[in-house]
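Here the structure is a predicted model, which means the values were calculated and not measured.
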Amino acid sequence: MYLVFDVGATTIKYAWMSAEGDIIEKGKATTPLQPGDGVEDFVEAIGKIYDTYKKQETVEGIAMGIPGQIDVEKGIVYNGGGIKYLDKIFLGDLVSKRCDEVRVSLENDGKCAALAEVWMGNAKDVNDACVLVFGTGIGGAIIKDRKVVHGKHLLAGEVSFIFEDMTREDLANLPKGESLMEKVDMFQVADQFPYTWATKRSAINMCYRISKLKNLPLSEVTGERVYEWARQGDELCIDVLEDTYFSIAKQCLNFYVTFDPEVILIGGGISAEPDFIEGIKRYVEELKRLSSVYENIRIDVCKYRNDSNLFGALYNFKELYSE
């Protein structure tokens with residue numbers, strides 16, 4: 001049995017899973033992000049969950065999906081996403097040491113979602129794929145010969161940072177300094193630096209933009225409500241959704257001619273809404289008319305959503321340790 005984690009900046013989800021991917025039990029804990037919390041607190045949070053399960057049965061391994069750029073072979077986290085204190089941390093070694101030297105694997109959460117599709121989802125019958133996951137950011141992964149492409153600096157597939165709708169004048173007006181986006185919170189980034197794909201087109205930022213336009217608290221603007229308003233004829237929501245579909249369709253064509261994948265899969269909670277996928281496909285079909293080079297592009301939805309990171313993290317463990 002394996003203890004598998006899907007780590008987020010708010011919640012640590014975990015599951016007790018068989019080698020075949022059966023989820024026996026699930027739970028969640030709060031990610032340590034209070035003032036003063038750090039790496040030791042995070043490792044101990046994982047360790048306490050491990051202590052519970054080791055009393056039941058032998059833990060064969062700990063598999064983790066986590067934000068940031070991940071050196072899978074060395075078990076190092078870079079950046080850490082919303083968990084800033086994990087930057088440049090040998091997290092695999094620290095967790096293994098706390099948990100009786102059990103084997104540990106790490107992989108980026110978005111890439112885990114892609115690996116779930118490779119293992120048991122809608123990419124199980126192909127060799128090459130691109131996977132895009134729309135949520136707080138836009139997770140991405142490039143699959144080549146059924147393996148995740150990480151790149152020299154572990155940045156392959158980090159599609160959140162693709163530039164969109166930025167002019168030279170915008171660049172000239174940016175504040176002076178470096179790493180500007182990392183010095184403010186997520187919604188300040190959306191307001192001050194609305195030039196990347198994530199700050200314009202992620203699911204949470206789409207809701208954030210609509211909440212501002214409607215002068216509503218963000219808590220009242222969910223993806224479900226946006227679609228409900230759109231179906232009632234709300235022009236504002238319709239325009240935002242159509243802009244989102246068009247943007248994603250354009251980028252899908254860009255990924256297609258860059259990587260030539262057999263399929264591009266769209267995931268994230270919002271992908272459960274049929275109109276989301278159909279809207280993207282509609283614009284892809286329109287854009288395909290521009291050239292025959294786009295003729296064979298294939299767009300599909302991810303099979304797995306809420307549990308995808310768990311399945312993918314376990315598959316990454318099996319691949320890393322040749323199981």
Side-chain angles (χ1 to χ4, degrees), residues 1-8 11-29 46-67 70 72-73 75 91-92 95-96 98-133 135 139 141-150 157 261-263 265-269 271-272 300-323:
M1 296 294 292
Y2 297 84
L3 187 55
V4 185
F5 291 90
D6 174 12
V7 177
T11 303
I12 299 172
K13 300 176 186 177
Y14 58 89
W16 187 230
M17 299 177 67
S18 72
E20 294 73 32
D22 299 313
I23 296 177
I24 310 305
E25 185 175 276
K26 290 197 293 186
K28 60 183 179 180
I46 299 297
K48 287 180 179 178
I49 297 168
Y50 165 81
D51 290 343
T52 299
Y53 284 95
K54 75 173 184 180
K55 297 174 184 176
Q56 301 180 20
E57 194 174 339
T58 300
V59 180
E60 298 292 339
I62 294 173
M64 304 181 72
I66 195 163
I70 311 299
V72 174
E73 296 293 332
L91 187 62
V95 170
S96 180
R98 167 61 179 81
C99 299
D100 303 323
E101 304 297 333
V102 168
R103 294 176 300 170
V104 175
S105 68
L106 307 178
E107 180 56 287
N108 168 268
D109 46 5
K111 291 175 175 57
C112 283
L115 288 172
E117 298 300 316
V118 170
W119 186 19
M120 299 186 293
N122 289 336
K124 63 183 175 63
D125 297 322
V126 304
N127 290 317
D128 303 338
C130 289
V131 181
L132 306 172
V133 182
I142 302 160
I143 304 297
K144 181 66 177 174
D145 297 326
R146 300 186 59 77
K147 305 287 186 183
V148 169
V149 176
H150 290 94
E262 295 166 77
V263 65
L265 298 178
I266 308 293
S271 68
D300 204 349
V301 66
C302 288
K303 179 178 179 179
Y304 296 104
R305 296 187 181 95
N306 290 340
D307 293 329
S308 63
N309 291 0
L310 297 171
F311 291 124
L314 179 57
Y315 183 71
N316 176 61
F317 182 97
K318 292 159 66 73
E319 288 286 290
L320 181 64
Y321 294 104
S322 301
E323 293 189 3

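Under a 3.5 Å cut-off, the side chain of E117 and the backbone N or O of N122 do form a donor-acceptor pair. A distance-only check finds no donor-acceptor pair linking the side chain of N127 to the backbone of K144 [under 3.5 Å]. Remark: side-chain polar atoms of R146 are not paired, donor with acceptor, to backbone N or O of D128 under 3.5 angstrom.
At least one side-chain heavy atom of V131 sits under 4.5 Å from a side-chain heavy atom of C302. Taking 4.5 Å as the limit, every side-chain heavy atom of M64 sits out of range of all side-chain heavy atoms of I12. You'll find the side chain of R305 stays beyond 4.5 Å of the side chain of V133, heavy atoms only. In this structure, Y53 and E25 have side chains that are in contact, with non-hydrogen atoms separated by less than 4.5 Å. In this structure the side chain of I24 reaches within 4.5 angstrom of the side chain of M1, judged on heavy atoms. Side-chain contact between I143 and V148 is present, with heavy atoms from C-beta onward closer than 4.5 Å. Side-chain contact check for M120 versus E20: every heavy-atom pair is 4.5 Å or farther apart. No side-chain heavy atom of F317 sits under 4.5 Å from any side-chain heavy atom of V4.
With rounding to the nearest 0.5 angstrom, the CG atom of L115 is 10.0 Å from the CG atom of N309. To the nearest 0.5 Å, the span separating CE on M17 from CG on L314 amounts to 5.0 Å. Taking NZ of K13 as the reference point, atom CG of N306 lies at 5.5 Å (rounded to 0.5 Å). Note that the CD1 atom of I62 and the OG atom of S105 stand 9.5 Å from one another [nearest 0.5 Å]. In this structure, NZ in K147 is found 15.5 Å from NZ in K111, a value given to the nearest 0.5 Å. Interatomic distance, S308 OG to L265 CG, rounded to the nearest 0.5 Å: 11.5 Å.
Looking at every heavy atom in both residues, V104 comes nearest to V95 through CG2-CG1, 3.9 Å. A pairwise comparison of heavy atoms in G157 and I142 identifies N-CD1, 3.9 Å as the closest pair. Pairing each heavy atom of D307 with each of K26, the nearest pair is OD1-NZ, 3.1 Å. Among all heavy-atom pairs drawn from A29 and I49, the shortest one is CB-CD1, 4.2 Å. The minimum heavy-atom distance between G110 and A141, with the atom names listed, is O-CB, 4.5 Å. Scanning both residues, G47 and C99, for their nearest heavy atoms gives CA-SG, 4.0 Å.
Partner Y2 forms a side chain to side chain donor-acceptor pair (under 3.5 Å) with one of E323, R103, E60, K318 and no other, that one being E323.
Counting non-hydrogen atoms of other residues, nucleotides and ligands closer than 6.0 Å to CD of E101 gives a total above 12.
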>> Using side chain to side chain contact (heavy atoms under 4.5 Å, CB included), reason through Y50 and D100 one step at a time and then give a plain yes or no.
In response: CA-CA 10 Å; Y50 165 81; D100 303 323; 2.6 Å; yes

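Here Y315 and F311 keep their ring centres 6.0 angstrom or further from each other.
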